[in-house]
Structures are given as structure tokens and as C-alpha cells.
Chemist: 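First the structure, which I've put down as C-alpha cells, then a few questions once you've had a look.
Per chain, numbering begins at 1; letters A, B, ... match sequence-line order. All values below come from the heavy atoms of this structure, side chains included, with hydrogens, waters and symmetry mates left out.
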Amino acid sequence: MVCFEADIDLDATFGCGQCFRWLRLAHGGWSGVAHGRELTVRRDGPLLLLEGAGEDERGLWQEYFDLGRDYGAVRALLAGDTVFAKAAAFAPGMRLLRQESWEALCSFILSQNNNIPRIRGIIERLCENFGERLAGGGYAFPTAHRLACISEKELAPLRCGFRAGYIADAARKVDSGEVDLSLAARMPLDEARALLQKIHGVGPKVAECTLLFGCGRVECFPVDVWIRRAMACYFPQGLPGRFEPVGGIAQQLLFHYVRCCPDAAHEEALAPFRRTGKARSAGLQKPTAAKAGSAPA
DNA sequence: AGCCAGGACAAGT
DNA sequence: ACTTGTCATGGC
């Protein structure tokens, strides 16, 4: 058991869409696998409790949960803007997780033209089929080497569709050293982007997600359909320059906010795209052209 | 039932 | 440089 004093909201942190392998437990805790270790996490007052972690792993988890960063300062900066102030207030304890780079790369390759529940399922099958079995019944995320050693056809049980070839190419290039992810964490950003995009199936958005969530590059700002909509609605001129150094945090707060928080300021523009809620059917209602004679089931 | 999903690619203008 | 169709699968 490892214990930190930390201001972190687990529901927001694990549930905001940045990670795919954490599961919420009935009592409010979360369980998952990271760095090849099974972990159950829960809050107790001001404390963050990591069950299943050894004291010798303290530094590892401190980094994973980004506990060294002064989120108070980040939030103070963002509070100067009306929109980000609301987004930050919606998820007061959300933190970026510093995930493993290879896992982040695979996860966001699989995320393209896909929805979050199905992404989770594909990653679960990926780990069950090719990850190391752990003592508690879970599975580690498979290594690039393991995936480089199998044929693309063997990825069929994942049912990840056209993305199988992308995973295969990523595994090959990472395993061979052609794409060095530890290097991508240190290189100049534009070089790191170009390096990742050498992988077939990695474009600007997946590269940006890999750098942000997997390489600790907090200035990265992935633009997906939701962020595109949100930016068009709130920041048609682009992200204000003073937020760029923490663009990744701003991005994740905004992503979570516009997807999950109904707000009059963006409701009309964004509600039609939300999966949950009746706003969708109301917003996309077709002009009910009931043709005479046709018998609707 | 049918639309669309935390995009990228290839082939068109 | 920008636009468009296509990709495989399944949540909702």
C-alpha cells in the first residue's frame, strides 16, 4: 500500500477519456493495470491510496499520477479565461496521467474513427490475447516486441478492423528501434511528431495524443472532432497563447467539459453530438417525412 | 435500422 | 494545398 496526500479526482481523471484500462468499482475506487502492475486506487479524505503497490514503487506512481505538477498554478492560469474557468470547475481534480508511451501509441491508433466503449473492448482483448498474465488475474499491456513477432492475421480476435495493420506496423517500427519512443519524449516537438508519423496509421492527432499522454509533453494539443467543435464555438481564433505551455491540460479539460457538461454557452452547437441524453434525438430529428402508403414497422 | 465514432490514407481536384 | 470516399466493426 502506497499513500500520497494528493488533490485528485479519480472519476474525472480515469473517466475523462485519456485512458482506457481503468475500471470503476462499486465502492468508488478504481482498478487497473499500469506498468505491468495491478492496482486498486481509492481516495480517503485528502489521501490517495494505492492498494497493491509496494513502497519501492513510490516514485513510479508519483510520476504516473503526475503528482509532481502544481495543478493549482495551472488552474489559476486557466481561471483567467471564462471558458477554461468553467471547464476547470467542472472537473476540479482532473489530472493528466503519464501513461506508458507504447500503450498510449497503441491506444490512440485504435481510437481513430472509433468510440470509447469499443476502444476499451479492443484494448482489453489485446491485453488478454498477447499481454503477460498477472497474479491477480489481469494482464499487462503487450510489449511491442511480442506484437512484432506475430502475424497481422493473428490480431483478428481483436476485431479492430482496418487498424490491425496500423498496430502491426507500429509494433515493427518500435521493436526495431526505427521509432524510439523514449527519444520522442526528449526530441524537439516537431521532430517527435514527424518521427511518430512514420508509422502507417499515425497522423497528426494520434501523434499528438501519444506525445501528450505517453511522453509527458504537456504542451501538446490534440485536435479531434470534439475539440474542433469546441474551438469553433469558443476559440475561433485558436488557443490563446498564454495557455500553450499547458495546452494538453487545457485540451483535456475542454474535451471533458464539452462532452459531459451541458452548458447553455455550447449546448446548441454541441448537444446534438452527445451520445447520452435525449438532446441527441431531439437535435437530429429528421423532418419525419411520412410517405403515404409506406408502412413504418 | 441506421448513424457515427478522441482519424488516416489515397486519390482525386 | 484542400476535398472526398473509404476503411472494419459495433455502440447507441
Chemist: Separation of A:Gln112 atom CD from B:dA10 atom C1', in whole Å?
Modeler: 14 Å
Chemist: Rounded to the nearest Å, what distance is computed from the OH atom of residue A:Tyr166 to the P atom of nucleotide B:dC9?
Modeler: 6 Å
Chemist: Please determine whether residues A:Leu239 and A:Tyr234 belong to a single hydrophobic cluster, defined as Ile, Leu, Val, Met, Phe, Trp and Tyr linked transitively by side-chain heavy-atom distances below 4.5 Å.
Modeler: yes
Chemist: A:Asn113 side chain: which of B:dA8, B:dA5, B:dA10 is closest?
Modeler: B:dA5
Chemist: Using a strict cut-off of less than 4.0 Å between a Lys/Arg side-chain nitrogen and an Asp/Glu carboxylate oxygen, indicate whether A:Arg193 and A:Asp190 qualify as a salt bridge.
Modeler: no
Chemist: Regarding A:Arg228, tell me which of base, sugar-phosphate or nothing describes its non-hydrogen contacts under 4.0 Å with the strands shown.
Modeler: nothing
Chemist: How close or far is atom P of C:dG11 from atom CZ of A:Arg120, stated in whole angstroms?
Modeler: 13 Å
Chemist: Does A:Arg159 reach a base, just sugar-phosphate, or nothing at all? Heavy atoms under 4.0 Å.
Modeler: sugar-phosphate
Chemist: Compare the minimum distances between each of C:dG10, C:dA8, B:dG7 and the side chain of A:Asn115, then state the nucleotide with the smallest one.
Modeler: C:dG10
Chemist: Taking the same atom, P, in B:dA1 and in C:dC7, what whole-Å distance lies between them?
Modeler: 24 Å
Chemist: How would you label the contact of A:Glu208 with the nucleic acid (heavy atoms, under 4.0 Å): base, sugar-phosphate, or nothing?
Modeler: nothing
Chemist: Using a heavy-atom cut-off of 4.0 Å across all strands, would you classify A:Val202 as base, sugar-phosphate, or nothing?
Modeler: sugar-phosphate
Chemist: Assign A:Gly201 to base, sugar-phosphate, or nothing according to its heavy-atom contacts below 4.0 angstrom with the strands shown.
Modeler: sugar-phosphate
